[in-house]
Participant: 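The structure's right below; bear with me while I get my questions together.
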Amino acid sequence: MSPRRDRRSTDAPRDGARKPYTRPNSAQRAAREALSKRLAAGDPRSDQAPQRRIPVGLSTSSVFPSGVEDAFRLAQKIGYDGIEVMVSYPKDSQDPALLREYSRRYEQPILSLHAPTLFFLQGLWGRDAWIKIERTLEIAKELEVPTIVAHPPFRWQGKYARGFVEGVAALEEEHGIAIAVENMYPWRLGVRELLNYLPDHDPTDEDYAHVTVDLSHAATAGDDALEMIDRLGDRLTHLHLADGSGRTTKDEHLPPGEGNQPCAEVLRRLSNRGWEGSVLLEVTTSNNPEMRERTLRQSLAFARHHLGHHLDEEGSGDDVGSTTS
């Protein structure tokens with residue numbers, strides 16, 4: 001069943017004010033300092049009382065520069081619950097027949113598709129940004145994938161950016177597939193931040209029915225991920241699980257537990273409230289196959305533990321969080 005929900009404008013007010021091109025880096029200093037103080041004091045973890053077994057999938061971007069099929073193969077070998085396909089230049093990431101075959105061969109359902117809205121994919125399928133989303137929706141419909149993930153528009157994308165919120169809602173209504181808009185981060189230029197996304201890098205204040213929260217992006221932006229997921233409520237559709245230090249302008253995508261973000265507490269809160277979405281691991285891994293597999297195993301064990309999967313299986317003898325194949 002599709003997770004698509006109706007838009008609720010009362011959840012995301014917009015004031016229509018014109019957005020400046022830049023702002024001082026200090027604009028988010030208070031939020032970063034508050035998060036840093038809380039983490040330094042020791043972030044208390046919620047007790048584990050999971051209301052739902054939340055699936056943990058693997059993004060194909062986590063095996064880059066290896067290919068899409070490698071992601072399916074590793075997901076099956078390690079024990080992930082499914083795949084998020086980053087639609088990109090490799091032909092098999094765009095080919096429904098091949099993706100269906102990978103899914104069947106490796107017994108990995110496709111949980112979501114990531115539309116090619118990244119900066120380095122602006123040339124894929126031409127320059128019309130709506131085409132990128134519409135073609136991804138067509139692939140999703142053919143494969144019966146309930147959700148696609150998309151980045152907010154770049155400021156220079158003109159009419160597409162100005163009409164993005166309304167356009168997303170119209171496409172969801174037309175196709176019956178959730179378009180989960182992902183949080184990003186401003187680009188920092190010396191003492192200024194370039195506000196390069198419209199309506200904003202943070203989609204939680206906009207009138208989207210579905211949102212993806214990426215913990216690495218939250219770290220780079222200086223946003224409080226716990227506040228974001230609490231504010232979103234049921235509008236949170238996907239979680240991109242990764243970590244970050246919050247001390248760099250880079251989008252680090254560290255394995256969970258290797259940065260200072262509240263990854264464990266985010267997972268526990270979502271599990272305890274019976275969240276209906278999916279967790280997708282999106283991390284940077286080594287080119288060395290053994291080290292990559294180790295990272296993916298450790299990350300899955302981290303996610304399963306803090307989602308409370310082990311509590312479901314304590315009496316069965318089947319430890320899904322095991323790091324052995």
Participant: Once side chain to side chain contact (heavy atoms under 4.5 Å, CB included) is applied, do any residues pair with Thr285, and if so which ones, sequence neighbours excluded?
Facilitator: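 Counting only residues at least two positions away or on another chain, Thr285 forms a side chain to side chain contact (heavy atoms under 4.5 Å, CB included) with Val283, Arg292, Thr295, Leu296.
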
Participant: Output all residues satisfying salt bridge (charged side-chain N to carboxylate O under 4.0 Å, His left out) with Asp251, sequence neighbours left out; order by chain, then residue number.
Facilitator: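 Partners of Asp251 by the salt bridge (charged side-chain N to carboxylate O under 4.0 Å, His left out) criterion come out as none, since no residue qualifies.
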
Participant: Is Met291 isolated, or which residues cluster with it under the ILVMFWY side-chain rule of less than 4.5 Å, directly or via members?
Facilitator: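 Direct or chained contacts put Met291 with none.
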
Participant: Quick check: closest heavy atoms across Ala218 and Ala225, and the distance to 0.1 Å?
Facilitator: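 Closest pair (atom of Ala218, atom of Ala225, distance): CB-CB, 4.3 Å.
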
Participant: Suppose we screen for side chain to side chain contact (heavy atoms under 4.5 Å, CB included). Which residues come up paired with Asp92, at least two apart in sequence or across chains?
Facilitator: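 Side chain to side chain contact (heavy atoms under 4.5 Å, CB included) check on Asp92 returns Val68, Pro90, Leu98, Tyr102.
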
Participant: Between Arg231 and Asp205, is there a side-chain heavy-atom distance shorter than 4.5 Å?
Facilitator: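 Yes. Closest side-chain heavy atoms under 4.5 Å.
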
Participant: Take atom OH in Tyr106; do more than 12 heavy atoms of anything else shown fall under 6.0 Å from it?
Facilitator: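 Yes, because the 6.0 Å sphere around OH of Tyr106 holds more than 12 heavy atoms from other groups.
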
Participant: Provide the full list of salt bridge (charged side-chain N to carboxylate O under 4.0 Å, His left out) pairs with a residue in residues 96-116, sequence neighbours left out, each pair given once.
Facilitator: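 Qualifying pairs, neighbours excluded: Glu69-Arg105, Glu101-Arg104, Glu101-Arg105.
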
Participant: Between Arg304 and Asp81, does at least one N-O distance fall below 4.0 Å, as a salt bridge requires?
Facilitator: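 Yes, Arg304 and Asp81 are salt-bridged.
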
Participant: Which residues pass the side chain to side chain donor-acceptor pair (under 3.5 Å) test with Thr212, sequence neighbours left out?
Facilitator: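 Partners of Thr212 under the side chain to side chain donor-acceptor pair (under 3.5 Å) test: none.
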
Participant: Please tell me if the side chains of Leu111 and Tyr80 come closer than 4.5 Å, counting only heavy atoms from C-beta onward.
Facilitator: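 No, every pair of side-chain atoms sits at 4.5 Å or beyond.
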
Participant: What ring pair (Phe, Tyr, Trp, His ring centres under 6.0 Å) pairs are there with at least one residue in residues 229-288, not counting sequence neighbours?
Facilitator: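 Only His217-His253 qualify under ring pair (Phe, Tyr, Trp, His ring centres under 6.0 Å).
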
Participant: How many angstroms lie between NE2 in His201 and CZ in Phe154, if you round to the nearest 0.5 Å?
Facilitator: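 The NE2 atom of His201 sits 13.5 Å away from the CZ atom of Phe154.
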
Participant: Do the non-hydrogen side-chain atoms of Thr117 and Glu182 ever get within less than 4.5 Å of each other?
Facilitator: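 Sidechains of Glu182 and Thr117: no contact.
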
Participant: Could you give the distance from NE2 (His175) to CD (Glu138), rounded to the nearest 0.5 Å?
Facilitator: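 Between His175 NE2 and Glu138 CD, I get 7.0 Å after rounding to 0.5 Å.
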
Participant: With Asp230, which residues qualify under salt bridge (charged side-chain N to carboxylate O under 4.0 Å, His left out), at least two apart?
Facilitator: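 Asp230 satisfies salt bridge (charged side-chain N to carboxylate O under 4.0 Å, His left out) with Arg269 only.
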
Participant: Check Leu281 against Pro256 and note the closest heavy-atom contact, atom names and distance.
Facilitator: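 Result for this residue pair: CD1-CD, 4.0 Å.
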
Participant: Side chains of Gln51 and Arg273: does their closest heavy-atom pair fall under 4.5 Å?
Facilitator: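 Not touching, per the 4.5 Å side-chain cut-off.
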
Participant: By ring pair (Phe, Tyr, Trp, His ring centres under 6.0 Å), which residues pair with His306, not counting sequence neighbours?
Facilitator: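 Counting only residues at least two positions away or on another chain, His306 forms a ring pair (Phe, Tyr, Trp, His ring centres under 6.0 Å) with Phe302.
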
Participant: Restricting to non-hydrogen atoms, name the atom on Pro203 and the atom on Asn183 that form the minimum distance, rounded to 0.1 Å.
Facilitator: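 Minimum heavy-atom separation between Pro203 and Asn183: CD-CA, 3.4 Å.
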
Participant: With a 4.5 Å limit on heavy-atom distance, are the side chains of Cys263 and Leu241 in contact?
Facilitator: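 Yes, close enough: below the 4.5 Å cut-off.
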
Participant: State which residues pass side chain to side chain contact (heavy atoms under 4.5 Å, CB included) with Leu254; sequence neighbours excluded, sorted by chain then number.
Facilitator: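 Scan of Leu254 (side chain to side chain contact (heavy atoms under 4.5 Å, CB included), adjacent residues dropped) gives Asp243, Glu252, Glu258.
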
Participant: Please check if any side-chain donor atom of Glu282 sits under 3.5 Å from a side-chain acceptor atom of His114, or the reverse.
Facilitator: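 On atom types as modelled, these side chains do not qualify, holding no pair under 3.5 Å.
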
Participant: Restricting to side chain to side chain donor-acceptor pair (under 3.5 Å), what partner residues turn up for Ser46, sequence neighbours left out?
Facilitator: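 Ser46: side chain to side chain donor-acceptor pair (under 3.5 Å) contacts with Glu265.
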
Participant: Taking side chain to side chain contact (heavy atoms under 4.5 Å, CB included) as the test, write out the residues that go with Ala140, two or more places apart.
Facilitator: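 Partners of Ala140 under the side chain to side chain contact (heavy atoms under 4.5 Å, CB included) test: Leu113, Val145, Ile148, Ile177.
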
Participant: Taking atom CG of Leu58 and atom CZ of Phe72, what is their separation to the nearest 0.5 Å?
Facilitator: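 So the gap between those two atoms works out to 9.5 Å.
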
Participant: Mind checking whether Leu239 and Leu267 have side chains closer than 4.5 Å, heavy atoms only?
Facilitator: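 With C-beta onward as the side chain, the pair touches.
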
Participant: Are there more than 12 heavy atoms of other residues, nucleotides or ligands under 6.0 Å from atom CG of Asn288?
Facilitator: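 Yes, because the 6.0 Å sphere around CG of Asn288 holds more than 12 heavy atoms from other groups.
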
Participant: Is there a side-chain contact between Leu198 and Phe164, using heavy atoms and a 4.5 Å cut-off?
Facilitator: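 In short, these two side chains do not touch, never coming nearer than 4.5 Å.
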
